[in-house]
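Since the structure comes first, as C-alpha cells, the remarks are kept for the end.
Numbering starts at 1 and runs along the sequence shown. In listed order, ligands and their atoms are each counted from 1.
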Amino acid sequence: MSTAVAVVGAGGRMGRMLVDTILRDEEAYLVAAADRGEQLLGQDAGELAGIGALGVEISANLEAVVAAADVVIDFSLPQATVEVAAACRQHKCPLVLGTTGLAAGQSEAVAELSQHNAVVHAANYSTGITLLTALVEQAAQAVGAQSDIEIIEAHHRHKVDAPSGTALRLGEAVAKELGRDLGQCAVYGREGHTGERDSKTIGFETIRAGDIVGEHTVMFAGQGERIELTHKASSRSTFAVGALRAAHWVIGQPAGLYDMRDVLGLSC
Ligand SMILES: NC(=O)c1ccc[n+]([C@@H]2O[C@H](COP(=O)([O-])OP(=O)(O)OC[C@H]3O[C@@H](n4cnc5c(N)ncnc54)[C@H](O)[C@@H]3O)[C@@H](O)[C@H]2O)c1
Ligand SMILES: O=C(O)C1=N[C@H](C(=O)O)CCC1
C-alpha cells in the first residue's frame, strides 16, 4: 500500500526537494502540502518543485494538511513546530521533523508529542552524518580528553540559525563522551583579546556563504598532530532521501522520540 505523505514547508528549499523525492518513490505519494509564504499559497506543489503539476495545492491550513496524511515530514521554521505537533497529536499522525534552531519550548512540544506518537527528530538526515557522529564519539573517547576540540560548519547564505543543528548535535555527542555539559563548555566564535584557550571548552565556528549545501568538520588537535573528521553534503537530496526513509520507518513504531540511528538500525 502506498504511503500518504504530507510536507510542511513545501515551498522551501528542502520542501521542494522532498516533493521531488516523494514523486520518485513508488511506495509513497504527496497527499498534502503546507507553507505560510503568501506568494506560495494556492500554487501546485509539484510545479513549485519543478516536476509538473501534481494536483496538490500549497495550503496554510496545517490541521487539514496533517489530517490527510499517514505521516508528516516538516522542514520549515521553528515557529511552525508547536502547531504541527498539536495537529499530529490530534490526528494521531507520526512526525518526521527536520527543522533546526528550536527554542526550548519548541523542543519541549516535540518531546511531549513523543509521549503519545512516534516522532523522528534529526538535525541531519544524511547517512554520512549519522556515521560521522559515531566516528566522532569514538575519536572523543580515544583522544578527546587530551585534545582541543573545535567544530567548524559551513552553509549557504540563506540559512537563518547558527551554529547548525548538526554542529550542535556533534558537540553534544562529544560533550557526552567526555562527561562535559555543552551548555557550560561551548564557545561560539571568538574575537578580541580572548586569552589562552581553555582546554575543556568545545569551540564552534560558523561560515555562511554562497550556495554551500552543508559541511561539518570536528577537529581534535593535540601536540604535534590533529585529527579532522569531515562530512560534505553536495546535494539536498541526501537529506530528503533520508527523511523519506524515516517516514516509511516511523509508521507503526510505538510512541517515542527517535533519531536517524534508530531508522538505520545502527547500534554504534
Ligand atoms: N534535518 C536535516 O537533515 C535538514 C536538512 C536541511 C535543512 N534542514 C532544516 O530545515 C529547515 C528548512 O530549511 P530550508 O533551507 O528548506 O528553509 P527555507 O526557508 O527554504 O524553507 C522553509 C519554508 O517553511 C515555510 N514556513 C515558515 N513558517 C511556516 C509555518 N508556520 N507553516 C508552514 N510553513 C512555514 C517558509 O515559508 C518556507 O517556504 C531549516 O530549519 C533547516 O535548518 C534540516
Ligand atoms: O540548509 C540547512 O539549513 C541545513 N540545516 C541542517 C542543520 O542545521 O544542521 C542540516 C544541514 C543543512
Side-chain angles (χ1 to χ4, degrees), residues 6-21 32-41 43 45 48-49 58-66 72-88 95-103 106-107 109-110 119-130 132-133 151-173 204 206-217 231-247 258-260 263:
V7 173
V8 179
R13 281 173 289 276
M14 275 305 300
R16 294 175 201 214
M17 184 57 84
L18 281 159
V19 169
D20 179 289
T21 304
D35 206 291
R36 285 280 158 90
E38 273 185 24
Q39 71 291 2
L40 302 170
L41 298 182
Q43 291 203 49
L48 265 178
I58 304 274
S59 163
N61 187 341
L62 265 177
E63 212 235 292
V65 164
V66 171
V72 171
I73 305 181
D74 176 7
F75 280 65
S76 58
L77 285 179
Q79 294 90 301
T81 305
V82 172
E83 198 179 340
V84 170
C88 286
L95 172 65
V96 173
L97 181 62
T99 307
T100 58
L102 303 191
Q106 292 152 346
S107 294
V110 177
V119 177
V120 184
H121 187 199
N124 197 306
Y125 280 89
S126 83
T127 304
I129 281 287
T130 310
L132 181 84
T133 309
I151 300 175
I152 304 121
E153 58 99 343
H155 286 85
H156 52 93
R157 67 192 313 282
H158 303 289
K159 186 164 176 60
V160 293
D161 54 314
S164 70
T166 309
L168 290 169
R169 174 72 195 92
L170 289 164
E172 280 162 7
F204 289 85
T206 292
I207 294 163
R208 294 285 175 265
D211 59 359
I212 300 170
V213 174
E215 302 186 358
H216 294 89
T217 293
H231 176 267
K232 296 185 183 186
S234 47
S235 164
R236 287 186 179 83
S237 68
T238 186
F239 311 129
V241 167
L244 187 53
R245 185 171 177 166
Y258 302 99
D259 65 16
M260 260 322 254
V263 173

Taking 4.0 angstrom as the limit and counting only heavy atoms of [X], give me the atoms of ligand 1 inside it, by number and element.
X: Ala80; value: 30 (C), 31 (N), 32 (N)
X: Tyr125; value: 1 (N), 2 (C), 3 (O)
X: Gly11; value: 39 (O)

Which protein non-hydrogen atom lies closest to [atom], naming both residue and atom, and how far is it?
atom: atom 5 (N) of ligand 2; result: Lys159 NZ, 3.1 Å
atom: atom 44 (C) of ligand 1; result: Gly98 O, 3.0 Å
atom: atom 32 (N) of ligand 1; result: Arg36 CG, 3.2 Å
atom: atom 16 (O) of ligand 1; result: Met14 N, 2.8 Å
atom: atom 10 (O) of ligand 1; result: Phe75 CD2, 3.6 Å
atom: atom 19 (O) of ligand 1; result: Arg13 NH2, 3.5 Å
atom: atom 21 (O) of ligand 1; result: Gly12 CA, 3.3 Å
atom: atom 11 (C) of ligand 2; result: His155 NE2, 3.3 Å

Looking only at atom types and distance, does a side-chain atom of Thr238 sit under 3.5 Å from a main-chain N or O of Ser235, one as donor and one as acceptor? no
Determine, considering heavy atoms only, which of [options] sits nearest to [atom].
atom: atom 22 (C) of ligand 1; options: Ser76, Gly101, Ala233, Ser59; result: Ser76
atom: atom 28 (N) of ligand 1; options: Asn124, Thr100, Leu48, Leu77; result: Leu77
atom: atom 25 (C) of ligand 1; options: Val82, Asp35, Val8; result: Asp35
atom: atom 2 (C) of ligand 1; options: Ala246, Gly214, Ala123, Ser126; result: Ala123
atom: atom 6 (C) of ligand 2; options: Ala123, Gly12, Ser126, Ala122; result: Ala123

Ion pair check, Glu153 and Lys159, cut-off under 4.0 Å: no
Determine whether any heavy atom of Ala122 lies closer than 4.0 Å to an atom of ligand 1. yes
Report the C-alpha separation of Asn61 and Ser59 in whole Å, then their side-chain angles, then the decisive distance to 0.1 Å, and conclude whether the side-chain hydrogen bond (donor to acceptor under 3.5 Å, both in side chains) test is met. CA-CA 5 Å; Asn61 187 341; Ser59 163; 5.4 Å; no
Can you name the closest pair of heavy atoms from [X] and [Y] and give their distance?
X: Ala34; Y: Leu62; result: CB-CD2, 3.8 Å
X: Leu102; Y: His121; result: CD1-CE1, 3.7 Å
X: Ile58; Y: Leu40; result: CB-O, 3.4 Å
X: Ile73; Y: Ala247; result: CD1-CB, 3.9 Å

Report the part of Lys159 (side chain from C-beta onward, or backbone N, CA, C, O) that has a heavy atom under 4.0 Å from ligand 1; answer both or neither where that applies. side chain
Fit a plane to each ring of His155 and His216, take the angle between them on a 0 to 90° scale, and name the class: parallel (under 30°), tilted (30 to 60°) or perpendicular (over 60°). perpendicular
Test side chain to side chain contact (heavy atoms under 4.5 Å, CB included) on Tyr125 and Leu244 and set out the steps. CA-CA 9 Å; Tyr125 280 89; Leu244 187 53; over 6 Å; no
Any idea which atoms of ligand 2 are less than 4.0 Å away from a heavy-atom of [X]?
X: Asn124; value: 10 (C), 11 (C)
X: Gly165; value: 7 (C), 8 (O), 9 (O)
X: Phe239; value: 11 (C), 12 (C)

Does Arg36 form a side chain to side chain contact (heavy atoms under 4.5 Å, CB included) with Gln79? I'd like the steps, not just the answer. CA-CA 11 Å; Arg36 285 280 158 90; Gln79 294 90 301; over 6 Å; no
Find the distance between [atom1] ([X]) and [atom2] ([Y]) and round it off to the nearest 0.5 Å.
X: His231; Y: Glu215; atom1: NE2; atom2: CD; value: 10.0 Å
X: Leu97; Y: Tyr258; atom1: CG; atom2: OH; value: 15.5 Å
X: Leu77; Y: Thr99; atom1: CG; atom2: OG1; value: 7.0 Å

Ligand 2 versus Thr166, non-hydrogen atoms closer than 4.0 Å: side chain, backbone, both, neither? both
So for Ser164, does at least one of its heavy atoms come nearer than 4.0 angstrom to any atom of ligand 2? yes
Are His156 and ligand 2 in contact, using a heavy-atom cut-off of under 4.0 Å? yes
Between Thr99 and ligand 1, is there a nitrogen or oxygen pair with a distance under 3.5 Å? no
Between Phe239 and Met17, is there a side-chain heavy-atom distance shorter than 4.5 Å? no
Check step by step if side chain to side chain contact (heavy atoms under 4.5 Å, CB included) holds for Leu170 and Leu132. CA-CA 9 Å; Leu170 289 164; Leu132 181 84; 4.1 Å; yes
Using distance alone, determine whether Arg236 and ligand 2 share an N or O pair under 3.5 Å. no
Counting only nitrogen or oxygen atoms and a 3.5 angstrom limit, does Ala167 reach ligand 2? no
